[in-house]
Asks: 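One structure is given below, represented as structure tokens, and several questions about it will come after.
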Amino acid sequence: MTTQRTFSIIKPDATRRNLTGAINAMLEKGGLRIVAQKRLQLSRAQAEAFYGVHKERPFFNDLCQFMISGPIVAQVLEGENAVARNREIMGATNPANAAEGTIRKVHAESIEANSVHGSDSPENAAIEIAFFFSGIEIVG
Ligand code: IDP
Ligand code: MG
């Protein structure tokens, strides 16, 4: 068992509905600690760079448009097995398939506007954290 960090985004559908605090409470109740956090507005180029792995997917353009439709909250989360733990707390990509009590089941509007992003591996977590934060901004 090791303490791990993962990267999280509270997406524009959630900031629009004033759900930052409600989502943070679910993350904290789930055993994760928010060790860095900032609210920002992505540019189109930044959204395309962040979601570069999905650029061949049919939903890529819509996804980037959605991610720049309002402010996001970028976060670093820390805890035991934080990458997998956060994915459990988030729930499945499509809220229709998400387990009861997960963030996406409770709050997501659609498969696209699904309220949160979470890294899918420790390797991607490190890349995504470095995209948004410098070391001095992360306080464990
Ligand atoms: P994840 O966020 O659960 O890891 P990914 O497959 O990595 O899911 O997809 C990234 C994001 O792209 C999703 O969170 C969602 O916002 C969007 N997305 C995924 N699949 C679809 C789709 O079929 N239609 C529209 N948007 C999608
Ligand atoms: Mg993903």
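Whatever order the structure lists them in is the order used to number ligands and atoms, beginning at 1. This chain uses plain numbering: 1 for the first residue, then up along the sequence.
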Asks: Is it the case that the ring center of F66 lies less than 6.0 angstrom away from the ring center of Y51?
Replies: no

Asks: What protein heavy atom sits nearest atom 25 (C) of ligand 1, and how far off is it?
Replies: F59 CB, 3.6 Å

Asks: T3 versus E80: any side-chain heavy-atom pair under 4.5 Å?
Replies: yes

Asks: Evaluate the side-chain hydrogen bond (donor to acceptor under 3.5 Å, both in side chains) criterion for residues T6 and R87: first the C-alpha distance (whole Å), next the side-chain angles of each, then the deciding distance (0.1 Å), finally the verdict.
Replies: CA-CA 10 Å; T6 191; R87 299 289 307 194; over 6 Å; no

Asks: Can you tell which part of H54 has a heavy atom less than 4.0 Å from ligand 1: side chain, backbone, both or neither?
Replies: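 Within the 4.0 Å criterion, H54 contacts ligand 1 through side-chain atoms alone.
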
Asks: Would you check if the side chain of N114 reaches a backbone N or O of A108 as a donor-acceptor pair within less than 3.5 Å?
Replies: no

Asks: Please state which protein non-hydrogen atom is closest to atom 8 (O) of ligand 1 and give its distance, to 0.1 Å?
Replies: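 Atom 8 (O) of ligand 1 sits closest to the protein heavy atom T93 OG1, 3.3 Å.
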
Asks: Number the atoms of ligand 1 from 1 as they appear, then name those within less than 4.0 Å of a heavy atom of R87, with their elements.
Replies: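 So the answer, numbered in order with elements, is 1 (P), 3 (O), 4 (O).
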
Asks: Going by the closest heavy atom to atom 2 (O) of ligand 1, which one wins out of H117, R104, R57?
Replies: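 Going through H117, R104, R57 one by one, R104 has the nearest heavy atom to atom 2 (O) of ligand 1.
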
Asks: Which ligand 1 atoms does N114 reach within 4.0 Å, using its non-hydrogen atoms?
Replies: 13 (C), 14 (O), 15 (C), 16 (O)

Asks: Could you check whether any side-chain heavy atom of H117 comes within less than 4.5 Å of a side-chain heavy atom of M90, counting everything from C-beta outward?
Replies: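 No; the side chains remain at least 4.5 Å from each other.
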
Asks: Return yes if some donor-acceptor pair links the side-chain N/O of E137 with the main-chain N/O of A36 below 3.5 Å, else return no.
Replies: no

Asks: Name the closest protein heavy atom to atom 16 (O) of ligand 1, giving the residue it belongs to and the distance to 0.1 Å.
Replies: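 Among all protein heavy atoms, the one nearest atom 16 (O) of ligand 1 is E112 O, 2.8 Å.
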
Asks: Which residue and atom name correspond to the protein heavy atom nearest atom 15 (C) of ligand 1, and how close is it?
Replies: I111 O, 3.2 Å

Asks: Which ligand 1 atoms does L63 reach within 4.0 Å, using its non-hydrogen atoms?
Replies: 11 (C), 12 (O), 16 (O), 17 (C)

Asks: Side chain to side chain contact (heavy atoms under 4.5 Å, CB included) with I10: which of I72, V73, I103?
Replies: V73

Asks: Please determine if K11 has a nitrogen or oxygen closer than 3.5 Å to a nitrogen or oxygen of ligand 1.
Replies: yes

